[in-house]
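Every chain is numbered from 1, with letters handed out A, B, ... down the list of sequences. Here the structure is a predicted model, which is why all the values come from computation and not from measurement.
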Amino acid sequence: MNLDETLRMAFASLASNKTRAFLTMLGIWIGVASILAIVAIGNGGKALVIGAISSGSQRNVIQIVPRELVAPGLPQPGQVLSIDDSDLAIAASFSGVESVNETFYGTAIVQSGDKSDNVTLFAGPADLDSLARFVVVRGRMFTPEDVLSHRNVAVISQSLANKLFGSGNPLGAVITLSGVPLEVIGVAQPEQASLYSLVMGSDNLYIPDTTCEDIFPNWTASEMDVVAKPGINVQSLANRIVLALNIHAGDPSAFADSSGLLASVAALIGKVTTILTAVIGAVAGIALLVGGVGVMNIMLVSVTERTQEIGIRVSLGAKKRDIVFQFLVESMAITSLGGVAGIATGLAVGVLVRVFTGIPASVPWPVGVLAFVFSASIGIVCGLYPALKAANLNPIDALRYE
Amino acid sequence: MIRLLGVTKSYTVGDQVVPVLKGIDLEVHKGEFVAVMGPSGSGKSTLMHIVGLLDRPTAGEYELNGASVLQLPPNHLARLRNQNIGFVFQNFHLIPRMSALRNVELPMVYAGVPRAKRRARAMELLEMVGMVNRAHHLPNELSGGQRQRVAIARALANDPAILLADEPTGALDQQTGGEILRILRDLNAAGRTVMVITHDRNVAQAGQRIVHIVDGEMVREEVLHEPR
């Protein structure tokens, strides 16, 4: 008996009891779909983290901070921030360095009319947006001219704008920082899907470094942003600069590369995501196992129901392997169809997650292929016992079975 | 064609051995129409299962077409059954989910006959038993007599030398039963060997020879020179 004919028979048999075939298939369907959806979301989470790392390296920016301040953030009380002009000069002397900038961080209170808010203040050059990783979504970024002229202008984050101005237009409004009025010229949002944006607060105020020095004359830089030339090995350059700065400071741990810390945090998050995906995937695997048991159960029922048919087939010249094959193909058809439906559903869930949450959920194609092969194998494993049972029936008893 | 020598069959129930056939010697020649007759429980069905290669005797010898078949492996027996023996059962035994046509095709499916050829042959056989206009009906849409006609067409699918009929009219009224017997006689007249198992003398008289079995033993043989 050939495969074509066996398949035809299997589908005819499944079609004769559609509800049952569908429900049995549903077990495999749900199992495969949940595994794929979990893999898709887990993968998306990882891609997000990896994206955050690579977005840092693409920009060739090395963030160097005093060791006490290993993460970009707020200065601790009593902390000595020790980046000065000589440190900047050392970094700038490396041949792979394009430019060196200092940025200031700190907490401050801004006021607008009767409203005030605690904000994180960022001060830097005109390319602060790329250094601090935000994009201006309304209005404009301050220009080099603004910086040179010490203009009292500010870019505020979207969430700060919402707090101070509600739904009103913040552009052109005036806010006060330490008694000094600043004109709001732009509204900013963090760069998409950046780990940096998670580490940083959400109520942010960005001003030119010159303006900042006017307002806070005694404030020193909290971070040195070194931009590497294209094609330079950023990590090795970072290590060399940090080493040179530490020698200059006379303390082997005076400075640190905070982007390295960011990368290690990202790697850790990636690892955790992988473990979580595996654990939840294993739970979903139990669903698939239960589905497989359902298939075996239904195949056993089917063999019992069709005992007489099996006897008839044997009397017409069916060999044992014809009978085994018939039932195996039937159970494989159920699980393969369930597998295909499950893969389609899992991929669809991935697409929905991508559209609605922005997590770049995706299923690598080998996982899809594996899911299909696995569900077909469930058909073999769970169909084998019922099929052998069918083939080993005594044909005379089978013919008499009512 | 069929030669049984000292065939016995016994079943073990608990620690008791129950003999069903007690040494049957039977010879059926090519082109014969033989009726095996006996009351229920006489072992005639067991005899048919042995002749039809569905069951193995406890002891004895069975030659089919001059070759001993009892030592053959199961797959070989399946092929012999597929090619040489056509079964007609009392309860028709059509597969309920399959149309008349698909039922008739089934033995050819197991023989590996290509689809188109199979279909043509099945239609030809249904034509012969007068069922061609019911080819696409399911068994439960057919009357008893119609089902038995389909079953006969199916039994003939691979053009077997022997037709084995177990109470072929047992589930039919007298008139329909008579029609089925006429078909069997016509097939025999066309050269096919037919063996009918029955408890009904009217059916047995369709044959040229009646073999009487009682309690697993052949008790009498009756030759009808002029079959009714």
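Residue pairs meeting the salt bridge (Lys or Arg N to Asp or Glu O under 4.0 Å) criterion with at least one partner in residues 109-120 of chain B, sequence neighbours excluded, are A:Asp4-B:Arg115, A:Glu5-B:Arg115, A:Glu5-B:Arg118, B:Glu105-B:Arg118, B:Glu105-B:Arg119. Within the structure, salt bridge (Lys or Arg N to Asp or Glu O under 4.0 Å) contacts touching residues 121-137 of chain B (residues at least two apart or in different chains) are B:Arg121-B:Glu124.
With contacts defined as side-chain heavy-atom distances shorter than 4.5 Å, the pair B:Ile95/A:Met9 does not qualify.
Residue A:Asn394 qualifies as enclosed at atom CG: its count of foreign heavy atoms under 6.0 Å is above 12. The number of heavy atoms from other shown groups lying within 6.0 Å of NZ (A:Lys46) does not exceed 12. Within 6.0 Å of the OH atom in B:Tyr11, the count of heavy atoms belonging to other residues, nucleotides or ligands exceeds 12.
In this structure, the separation between OH on B:Tyr110 and CG on A:Asp322 is 6.0 Å, given to the nearest 0.5 Å. Put simply, CG on A:Leu399 and CD on B:Gln90 are 12.5 Å apart, with the number rounded to the nearest 0.5 Å. Taking CZ of A:Arg306 as the start and CZ of B:Arg97 as the end, the distance is 4.5 Å to the nearest 0.5 Å.
Residue B:Leu53: no heavy atom, backbone or side chain, is found under 4.5 Å from chain A. If you measure heavy-atom distances from A:Ser16 to chain B, the contacts under 4.5 Å come from the side chain alone.
Of all residues in residues 156-164 of chain B, none places a non-hydrogen atom less than 4.5 angstrom from a non-hydrogen atom of chain A. Residues of residues 55-75 of chain B having a heavy atom under 4.5 Å from any heavy atom of chain A, listed by number: B:Asp55, B:Asn75.
Between A:Ile312 and B:His93, the shortest heavy-atom contact is CD1-O, 3.2 Å. Of all non-hydrogen atoms in B:Ala78 and A:Ala318, the two that sit nearest each other are CB-O, 3.9 Å. Closest approach of A:Ser315 to B:Leu54, counting heavy atoms only: CA-CD2, 3.9 Å.
Formation of a donor-acceptor pair under 3.5 Å by the B:Arg81 side chain with backbone atoms of A:Val314 is found in this model.
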